[in-house]
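Right, one structure below, let's go through it.
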Amino acid sequence: MNGHLEGGRETEDHVDDPSHLSRLTSHVSDASALLAEARERVDALLAAWAERVQTIVPGRTGEALAYSLNTPGKRVRAALLMAAYRAVGGISPAIAAVAAAVETVHTYSLVHDDLPCMDDDDLRRGRATAHRAFDVPTATRVGFLLVPVAGLVLAQAARDLVLPPAVLGRMARELFEAGGIEGMVGGQWLDLEAERKTLDLDGLIAVHRAKTGALIRSACVLGGIAAEAPQSSIDALAGYGQEVGLAFQVADDVLDATATSAQLGKTAGRDAALEKSTYVSVLGVERARAEAAALSAHAIRHLDRAGVPSGSLGALAQYIVNRES
Ligand code: GRG
């Protein structure tokens with residue numbers, strides 16, 4: 001090997017060498033392989049955390065925590081994070097632990113989103129929602145407890161990656177700001193307030209970017225921070241993440257209107273039932289699909305402009321808008 005490692009990251013001369021890159025990423029060069037890898041690694045890590053949290057939180061709440069952590073998701077955020085890390089030269093397999101922290105925050109948001117005081121849903125990831133499998137107070141506690149669990153998962157990830165404390169601090173700030181009032185929580189708040197109101201496209205974009213986009217963008221940025229990439233590459237990942245984050249929610253709006261509950265593993269048609277403004281209600285299905293595709297193409301341009309290899313991230317951007325669940 002000609003290059004050398006800096007904090008688990010390969011130097012730029014290696015990143016720019018296409019033959020080296022293809023060796024590094026050949027096994028994950030398409031979206032389905034990346035997602036399968038992310039699922040395998042992250043599910044194993046979360047299963048270990050599920051066992052561990054049950055020794056700290058006993059009884060029914062511990063069981064419900066384990067149930068939520070072990071409920072299988074697509075792990076799109078994890079795949080994006082791992083692909084972003086590799087795109088800027090990261091090579092450690094321990095990056096999956098950072099992805100597990102993001103998926104833990106995502107899982108908390110789904111547990112709370114499904115509660116009767118929010119979207120009130122019975123089905124999630126093909127299984128009963130946490131408050132249906134257990135009860136509302138237990139599921140409420142589970143959601144809150146998953147936030148500090150995410151902090152523990154992230155701290156362990158930084159140790160596994162042998163990252164300095166300042167990098168852990170930067171990652172923690174990135175993740176919890178994205179998950180907070182200026183990101184996911186704020187977006188959900190706007191979304192709840194918008195029920196039974198008609199939003200225009202700008203209003204809708206503001207909700208989607210915060211509610212769904214912020215955590216997806218953050219997953220991409222975290223890949224860059226964990227690789228200790230230059231700021232210009234992290235900015236490109238942020239631009240990419242912002243576009244695919246919005247595209248993800250536009251595709252979600254389309255799927256909610258066009259797919260079945262069996263296909264989605266969650267109740268289809270929920271947006272119409274809750275009288276929510278969505279890309280489909282504002283633009284119709286076909287224009288919403290076209291908008292998602294345009295956002296995905298635009299996302300890749302952020303990477304190309306900064307010279308960040310866009311193979312795997314490009315494949316994921318396409319998957320995000322073409323997915324069937
Ligand atoms: C206190 C106001 C307040 C909010 C708490 C509940 C909450 C925080 C935020 C909800 C955010 C949310 C549910 C956004 C929707 C994101 C979305 C499209 C989820 C579906 O993602 P997938 O398809 O799910 O990746 P899987 O199951 O595959 O992981």
Side-chain angles (χ1 to χ4, degrees), residues 31 35-36 38-39 42-43 46 67-81 99-100 102-121 123-131 136 139-147 150 175-195 204 206-219 241 244-257 259 261 263-268 270-271 274 276 278-280 292 316 319-325:
L35 286 157
R39 267 197 303 276
V42 167
D43 287 2
L46 293 181
Y67 175 87
S68 300
L69 282 171
N70 283 325
T71 302
K74 293 185 291 295
R75 309 302 184 203
V76 173
R77 292 150 192 81
L80 284 167
L81 192 152
V102 174
E103 290 287 344
T104 303
V105 171
H106 172 55
T107 294
Y108 126 69
S109 80
L110 299 181
V111 169
H112 275 190
D113 187 52
D114 291 332
L115 287 171
C117 63
M118 297 215 194
D119 276 8
D120 190 12
D121 222 325
L123 183 68
R124 175 65 73 178
R125 295 173 165 174
R127 301 169 81 176
T129 51
H131 69 278
V136 170
T140 306
R141 277 195 294 278
V142 162
F144 287 129
L145 284 165
L146 282 170
V147 180
L175 177 57
F176 293 107
E177 274 186 1
I181 193 70
E182 287 171 283
M184 185 181 76
V185 167
Q188 176 78 346
W189 192 327
L190 291 174
D191 195 44
L192 292 168
E193 284 192 337
E195 276 177 22
L204 197 55
V207 173
H208 282 9
R209 278 207 194 285
K211 181 181 85 163
T212 305
L215 195 61
I216 290 179
R217 175 186 177 280
S218 179
V244 293
L246 182 55
F248 188 94
Q249 184 59 57
V250 177
D252 212 70
D253 289 356
V254 170
L255 286 170
D256 184 76
S261 301
Q263 228 177 308
L264 298 179
K266 61 181 180 177
T267 314
R270 215 58 204 129
D271 295 335
L274 294 169
K276 283 190 182 183
T278 67
Y279 262 72
V280 171
L316 285 171
Y319 159 80
I320 279 169
V321 296
N322 294 324
R323 67 201 164 94
E324 290 172 357
S325 68

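Note that ligands are numbered from 1 as they come in the structure, with each ligand's atoms numbered from 1 the same way.
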Legend entry - side-chain contact (heavy atoms from CB on, under 4.5 Å) partner of H106, the single match among L110, V102, T104: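 For H106, the side-chain contact (heavy atoms from CB on, under 4.5 Å) check succeeds only for L110.
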
Legend entry - Residues D119 and K276 bridged, charged N to O under 4.0 Å: yes

Legend entry - Salt bridge D121-R270, side-chain N to carboxylate O under 4.0 Å: yes

Legend entry - More than 12 heavy atoms of other groups within 6.0 Å of E195 CD: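 Enclosed.
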
Inset, instruction - Using heavy atoms and a cut-off under 4.0 Å, could you grab the residues that are in contact with ligand 1, chain by chain, numbers ascending? - result: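 G73, K74, R77, H106, Y108, S109, L110, H112, D113, M118, R125, M184, V185, Q188, W189, K211, T212, F248, Q249, D252.
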
Legend entry - Nearest atoms (heavy-atom pairs only) where V105 meets F176: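 For V105 versus F176, the nearest heavy atoms are CG2-CE2, 4.3 Å.
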
Legend entry - Which residues share a ring-ring contact (aromatic ring centres under 6.0 Å, His included) with F144, sequence neighbours left out: H112

